[in-house]
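Following: one structure in structure tokens, then a few remarks.
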Number of protein chains: 2
Amino acid sequence: MHKRVLIVEDEASIRDMVAFALRKADMDVAQAADARAAEIAIADAPPDLILLDWMLPGMTGLELARRLRHDPRTAEVPIIMLTARGEEMDRVNGLEAGVDDYVVKPFSTRELIARIKAVLRRAQGDDGTGSVELGGLRIDGPAHRVFAGGTQIEIGPTEYRLLHFFMTHAERVYTRAQLLDHVWGGSVYVEERTVDVHIRRLRKTLEPFGLENLVQTVRGSGYRFSTSA
Amino acid sequence: MHKRVLIVEDEASIRDMVAFALRKADMDVAQAADARAAEIAIADAPPDLILLDWMLPGMTGLELARRLRHDPRTAEVPIIMLTARGEEMDRVNGLEAGVDDYVVKPFSTRELIARIKAVLRRAQGDDGTGSVELGGLRIDGPAHRVFAGGTQIEIGPTEYRLLHFFMTHAERVYTRAQLLDHVWGGSVYVEERTVDVHIRRLRKTLEPFGLENLVQTVRGSGYRFSTSA
DNA sequence: CGCAACATGACAGAGGCATGACAGCGCCGT
DNA sequence: ACGGCGCTGTCATGCCTCTGTCATGTTGCG
């Protein structure tokens with residue numbers, strides 16, 4: 001019931017303040033001061049969400065984020081990064097993806113909690129089974145099947161992962177780089193234009209059901225899954 | 001333009017130090033040594049933000065915060081509390097009272113000002129997600145969408161960036177050179193007159209909604225986004 | 001009135017994206 | 001082992017939107 005959140009942050013005062021705020025918001029909190037402690041904490045009890053400081057002793061938060069993404073046990077756990085500067089954020093946002101959201105320091109606890117809840121809500125419907133339903137589409141996670149209305153859709157593996165990611169991250173634009181990170185996995189080298197092709201293939205399979213406009217192009221930015229035109 | 005900040009703090013040395021730092025950061029400062037003086041100062045000229053010390057003679061800062069929240073005239077004014085180390089349990093109470101943020105003593109003026117700016121920014125509708133709402137317009141940052149009233153607006157990439165910059169920097173005149181720097185990015189060579197054209201295009205997309213007068217010309221200086229005609 | 005600053009419309013070029021084709025690859029049954 | 005077969009990544013092409021610039025009309029100001 002209560003969501004479990006892991007805070008990875010070296011500065012004790014921030015860590016404590018955030019921990020108090022989260023407990024107040026009915027969340028279970030685990031703390032870690034560095035990457036090593038974080039991995040131990042994760043092995044101990046896997047969290048539902050990870051708060052990751054940008055600057056950590058030894059290993060940067062970004063490196064840790066990558067390692068977590070590569071580990072199948074933590075690949076699906078959403079990550080929110082705490083960054084120091086607003087300027088770095090844009091660059092980070094474009095280049096280094098694999099993170100679900102950013103919060104820029106200094107932040108108020110109120111704002112942080114709002115963002116955490118937003119991310120957890122987004123992952124909702126993915127109640128462990130990996131099933132989602134949205135905009136006339138339904139994904140049956142365990143059965144690895146997709147339905148439009150009542151009828152089943154034939155869909156390839158990559159399009160399946162792409163659609164699943166979109167449905168669990170709707171109403172939000174993702175760059176091609178971000179999609180490559182989330183859908184293909186960070187450790188492959190693939191042309192960004194390849195994303196276009198799979199978007200095309202996904203649209204094509206949705207077309208017979210009139211659902212191809214769920215996948216929308218945002219010129220100059222990327223793609224977006226949205227239930228509103 | 002200049003934000004008005006009220007400091008409620010009984011220790012004169014801290015009060016003066018903070019006041020000095022705030023004035024240097026282009027803010028108007030009012031001071032009060034206790035709760036009674038604070039209420040007089042607020043009645044005199046309502047501030048945009050209140051800095052509240054935890055320990056006050058007569059009435060604790062927390063009580064005062066509750067009273068301010070209860071009064072409709074001050075309910076919307078953000079509050080930042082100054083707490084001493086080791087009062088963490090009290091933070092929880094502060095959250096209940098609707099305090100917006102905390103700064104733990106001892107603090108650097110730099111950090112304090114950063115927090116103040118963050119809270120003020122949020123009070124203006126910027127919650128850190130890149131979304132803004134102002135003058136009948138709303139930008140959904142993550143979804144990369146613009147709404148006028150309730151309906152969505154079709155807008156090009158450059159006009160989007162231009163509008164976003166304006167909405168996050170309203171009520172202030174920017175020269176064409178400044179707009180080129182902020183919206184186009186510093187490393188491009190573009191005629192200054194090009195700005196005029198994009199201003200024109202932005203106005204044109206706002207025209208159907210009667211919002212074109214949000215973008216105002218300041219002859220001899222540049223352009224300004226303002227909610228007041 | 002005359003000048004400078006700005007508004008407006010038109011236009012050609014650039015660049016982003018959609019689309020269809022194709023070759024490599026792994027998988028499977030024969 | 002061999003030959004289909006489905007899937008994937010890349011490329012070439014064409015379309016279409018956006019963009020910067022110019023020419024011309026309009027406005028404000030001394």
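Protein chains get the first letters and strands the later ones, always in sequence-line order, with residue 1 at the start of each.
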Next on the checklist: Quiz question: by atom type and distance under 3.5 Å, do the side chains of B:Arg145 and A:Gln216 form a donor-acceptor pair?
Outcome noted: yes
Checklist outcome for this item: Considering only heavy side-chain atoms of B:Glu159, the closest of D:dT19, D:dT8, D:dC29 is D:dT19
Checklist entry - Atom CZ of A:Arg36 and atom CG of A:Leu64: how far apart are they, to the nearest 0.5 Å? => result 12.0 Å
Next on the checklist: Categorize B:Tyr223 for me: base, sugar-phosphate, or nothing, with a 4.0 angstrom heavy-atom threshold over every strand shown.
Outcome noted: sugar-phosphate
Checklist entry - Picking from A:His164, A:His198, A:Arg201, what satisfies side chain to side chain donor-acceptor pair (under 3.5 Å) with A:Glu159? => result A:His198
Checklist entry - Taking atom C1' of D:dT17 as reference, at what distance in whole Å does atom CD1 of B:Ile155 sit? => result 14 Å
Next on the checklist: From CZ of B:Arg219 over to P of C:dC3, roughly how many Å is that when rounded to an integer?
Outcome noted: 15 Å
Checklist entry - Within this structure, what is the CD-to-P distance between B:Gln216 and C:dA7, rounded to whole angstrom? => result 12 Å
Item to check | A:Arg176: salt bridge (charged side-chain N to carboxylate O under 4.0 Å, His left out) partners, not counting sequence neighbours | outcome: A:Asp196
Pairs under 3.5 angstrom, nitrogen or oxygen only, protein versus nucleotides 9-13 of chain D, please.
from   : atom 1 : to       : atom 2 : distance (Å)
D:dG9  : OP1    : A:Trp184 : NE1    : 3.1
D:dG9  : OP2    : A:Trp184 : NE1    : 3.4
D:dG9  : OP2    : A:His198 : NE2    : 2.7
D:dG9  : N7     : A:Arg201 : NH1    : 3.4
D:dG9  : O6     : A:Arg201 : NH2    : 2.5
D:dT10 : OP2    : A:Glu191 : N      : 2.8
D:dT10 : OP2    : A:Thr194 : OG1    : 2.6

Next on the checklist: Distance check needed: C:dA18 P versus A:Asn213 CG, whole Å only.
Outcome noted: 14 Å
Checklist outcome for this item: Ranking D:dT19, C:dC6, C:dG15 by distance to the side chain of B:Pro157, first place goes to D:dT19
Checklist outcome for this item: In terms of heavy-atom contacts, B:Ile113 and B:Ala25 come closest through CD1-CB, 3.8 Å
Checklist entry - Going from CG on A:Leu22 to CD on A:Gln31, what distance comes out if it is rounded to the nearest 0.5 angstrom? => result 9.5 Å
Checklist entry - So does A:Thr217 get a side-chain nitrogen or oxygen closer than 4.0 Å to the phosphate oxygens (OP1/OP2) of C:dG16? => result no
Checklist outcome for this item: Looking only at C:dC17, C:dA5, C:dG20, the nucleotide nearest the A:Lys204 side chain is C:dG20
Checklist entry - So how far is it from A:Arg115 CZ to A:Leu120 CG, rounded to the nearest 0.5 Å? => result 13.5 Å
Checklist entry - C:dG20 P sits how many Å from A:Ile199 CD1, rounded? => result 16 Å
Checklist outcome for this item: From CZ of B:Arg200 across to C1' of C:dG9 the rounded distance in Å is 8 Å
Checklist entry - When we call it a touch if two heavy atoms are under 4.0 Å apart, what does A:Glu154 touch: a base, just sugar-phosphate, or nothing? => result nothing
